[in-house]
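In what follows, a structure is listed as structure tokens, so that the remarks can point back to it.
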Number of protein chains: 2
Amino acid sequence: MGTGRMGTGRVEQVAGKTQSAKASRRRKAVGSGRAVAPRPRSGAASSAMDLAQLDDRVGYFLRRLQIAIFKDFIRTLAPVDVRPAQYSVLVLITANPGRSQAVIGKALNIERARLARMLHELERRQWIERRLSSADGRSHCLFMTAVGKEAMVRIEALAGQHERHMVKFIGGDLRQLLLDRLRKFGKS
Amino acid sequence: MGTGRMGTGRVEQVAGKTQSAKASRRRKAVGSGRAVAPRPRSGAASSAMDLAQLDDRVGYFLRRLQIAIFKDFIRTLAPVDVRPAQYSVLVLITANPGRSQAVIGKALNIERARLARMLHELERRQWIERRLSSADGRSHCLFMTAVGKEAMVRIEALAGQHERHMVKFIGGDLRQLLLDRLRKFGKS
DNA sequence: TATTGTTATACTCTATAACTATA
DNA sequence: TATAGTTATAGAGTATAACAATA
């Protein structure tokens, strides 16, 4: 499951592209009519929906819960335009300054290729800084900038707000139980 | 969060594209050297990693658990090449024959655009059939084909195997508790 | 006007391969 | 030879807009 688009963060830069996108869409739309094979007719069913075996698949419900949680996270942190993966990286750099990309990536299970791009974005926003390691010329040591540390104050405030939403959403008891039981799956 | 690639399902059709992909990559690689600004040097940190605030974010752990679960699902159902979203659609069509795409999509929170493509794929594999509704000319009623029903036997067997992996992975008690508490978030 | 199914575009994220610089 | 960072490609998934046909 990738994470796809989800939520309403990052709305700014879409506006400028609307016109040309529309135009090219219209251009390409010419002659794109799919040859649809004629289908047989059938009466439509209309009783209540049965989830059947899906009702016993934890994965299914966990997935839906997780999507709802990420949506709230993205919505809550929209003012600072920080997504879940970015947040986890920022927290780790803040708490562990000077670590290499490889180490941070492994801790969060983020591919180094993906992390490289994400760090470029965070560097562009002047929140983090990369310094070549004096011990290993291949490694980049990661640090928060002064601007980044300042931004983290607001980011953590919003993240805390999101966490309080979770308490209201799934209940404080279930939240705590999940934390206690799931921590072991999130390490390494 | 979309779900991205994840796991090892669908490996077949990659092989044939390797050569041309490599070639075009080499072509484009010419002159793509990024002008990297020289970075200051720094000593590398090396103590144990601190998850800091991340250690209290249920969303973080739920996300990691959910990824692990989907990976197991994809790996376990690789023999039939069925992904989680496809599985959920197949189960619902099997249990609720004759429903429209709109209804199935709403029940599973799958965008109608996305569902249309997925159903094309399932139709191509001759597992499902679309019939125009006699009551509403806009609707397509969905049915499993004989081949599809036959395939579902193996698919459900593998899905059950996956579910037993879950019991071993998170424990039968936690699985049951999650099912009891999360079902309400998965309906609508 | 609104809805159903469809196509297309943009973006996020994962997986993978290739390349460089360094070790 | 192996590792760190980078770039690029393919693919899954989400969000969104537009369109034709139908209601």
Side-chain angles (χ1 to χ4, degrees), chain A residues 1-11 13-14 17-18 20-30 32-34 36 39 44 63 67 70-71 74 83-86 100-103 105-106 109-121 130 132-133 135-141, chain B residues 1-11 13-14 17-18 20-30 32-34 36 39 44 63 67 70-71 74 83-86 100-103 105-106 109-121 130 132-133 135-141:
Chain A
M1 76 218 79
T3 295
R5 197 53 180 68
M6 184 173 296
T8 13
R10 183 155 308 172
V11 192
Q13 67 215 43
V14 178
K17 296 178 182 174
T18 309
S20 59
K22 258 187 208 166
S24 81
R25 223 174 286 135
R26 276 204 205 94
R27 250 177 280 123
K28 295 203 173 179
V30 175
S32 72
R34 212 177 92 90
V36 177
R39 302 183 193 285
R63 171 71 176 147
I67 288 175
F70 264 32
K71 274 190 177 157
I74 293 167
R83 298 175 60 82
Q86 293 175 317
S100 70
Q101 298 185 194
V103 169
K106 267 169 205 151
N109 244 8
I110 299 175
E111 284 293 318
R112 57 194 180 143
R114 166 101 190 96
L115 186 58
R117 282 173 181 274
M118 195 191 301
L119 291 174
H120 274 138
E121 167 67 12
R130 280 190 263 211
L132 264 176
S133 167
D136 185 336
R138 299 169 299 182
S139 287
H140 286 173
C141 301
Chain B
M1 68 218 82
T3 299
R5 200 50 182 68
M6 183 173 296
T8 12
R10 183 156 308 174
V11 194
Q13 67 216 42
V14 178
K17 299 179 181 174
T18 310
S20 59
K22 257 188 208 166
S24 80
R25 224 174 286 136
R26 276 206 205 90
R27 250 176 281 121
K28 295 204 173 179
V30 176
S32 72
R34 213 176 91 89
V36 177
R39 301 184 195 286
R63 171 72 176 147
I67 288 175
F70 265 33
K71 274 191 176 156
I74 293 167
R83 299 177 58 82
Q86 292 174 317
S100 70
Q101 299 185 193
V103 169
K106 267 168 206 152
N109 244 9
I110 298 175
E111 284 293 319
R112 56 195 182 145
R114 165 100 192 97
L115 187 60
R117 283 174 179 274
M118 194 192 299
L119 291 175
H120 273 138
E121 167 67 12
R130 279 191 264 210
L132 264 176
S133 167
D136 185 336
R138 300 168 298 181
S139 288
H140 286 174
C141 301

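Here is how names work: the chains are called A, B, and so on, in the same order as the sequence lines, proteins then strands, and each is numbered from 1.
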Considering just the side-chain nitrogens and oxygens of [X], establish if one lies under 4.0 Å of OP1 or OP2 belonging to [N].
{"X": "B/Arg83", "N": "D/dG13", "answer": "yes"}
{"X": "A/Lys71", "N": "D/dA15", "answer": "yes"}
{"X": "A/His120", "N": "D/dG5", "answer": "no"}
{"X": "B/Arg130", "N": "C/dT6", "answer": "yes"}
{"X": "B/Lys106", "N": "C/dG5", "answer": "no"}

Over how many whole Å does the gap from [X] atom [atom1] to [N] atom [atom2] extend?
{"X": "A/Leu115", "N": "D/dA4", "atom1": "CG", "atom2": "C1'", "value": "11 Å"}
{"X": "A/Leu132", "N": "D/dG5", "atom1": "CG", "atom2": "P", "value": "10 Å"}
{"X": "B/Arg114", "N": "C/dC13", "atom1": "CZ", "atom2": "P", "value": "17 Å"}
{"X": "A/Arg117", "N": "C/dA15", "atom1": "CZ", "atom2": "C1'", "value": "13 Å"}
{"X": "B/Glu121", "N": "D/dG13", "atom1": "CD", "atom2": "P", "value": "11 Å"}
{"X": "B/Glu111", "N": "D/dA12", "atom1": "CD", "atom2": "C1'", "value": "15 Å"}
{"X": "B/His140", "N": "C/dT6", "atom1": "NE2", "atom2": "C1'", "value": "9 Å"}

Item checked: Nearest-neighbour nucleotide for the B/Ala85 side chain, D/dG13, D/dT9, C/dC13 considered ->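 Among D/dG13, D/dT9, C/dC13, the one nearest the side chain of B/Ala85 is D/dG13.
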Check: Which nucleotide in the list C/dA8, D/dG5, C/dC13 gets nearest to the side chain of A/Ala102?
Finding: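 My answer, after comparing the listed nucleotides, is D/dG5.
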Note to self: Can you list everything that forms a side chain to side chain contact (heavy atoms under 4.5 Å, CB included) with A/Arg114? Sequence neighbours excluded, please.
What the structure shows: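 Residues passing side chain to side chain contact (heavy atoms under 4.5 Å, CB included) with A/Arg114: A/Ile110, A/Glu111, A/Met118.
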Next item on the list: Provide the closest heavy-atom pair for A/Gln101 versus A/Leu115 in the form atom of the first, atom of the second, distance.
Entry: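 Taking A/Gln101 first and A/Leu115 second, the nearest heavy atoms are O-CD2, 3.2 Å.
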Item checked: Atom of A/Pro84, atom of A/Ile74 and distance for their closest heavy-atom approach ->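 Heavy-atom minimum between the residues: CD-CG1, 3.8 Å.
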Check: Taking for each residue the nucleotide of DNA chain D bearing the nearest heavy atom, is the 5' side occupied by A/Arg112 or by B/Met118?
Finding: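 Checking each residue's closest nucleotide, the 5'-ward one belongs to A/Arg112.
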Notebook entry, point to check: 5'-most contact on DNA chain D: A/Asp136 or A/Ala113, nearest heavy atom basis?
Noted result: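 Nearer the 5' end of the strand: A/Asp136.
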Check: When all nucleic acid strands are considered with a 4.0 Å heavy-atom cut-off, which category describes A/Ser100: base, sugar-phosphate, or nothing?
Finding: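 Sugar-phosphate, backbone atoms only, no base.
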Check: Looking across every strand, which nucleic acid part, if any, lies under 4.0 Å from A/Gln101 by heavy atom: base, sugar-phosphate, or nothing?
Finding: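 A/Gln101: backbone/sugar contact only, no base atoms under 4.0 Å.
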Next item on the list: Using the test side-chain hydrogen bond (donor to acceptor under 3.5 Å, both in side chains), find all partners of B/Arg117 that sit at least two apart in sequence or belong to another chain.
Entry: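 So B/Arg117 forms no side-chain hydrogen bond (donor to acceptor under 3.5 Å, both in side chains) with any residue.
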Next item on the list: Answer yes or no: side-chain N or O of A/Arg138 and base N or O of D/dT3 forming a donor-acceptor pair under 3.5 Å.
Entry: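 Between D/dT3 and A/Arg138, which were checked side chain against base, a qualifying N/O pair under 3.5 Å is present.
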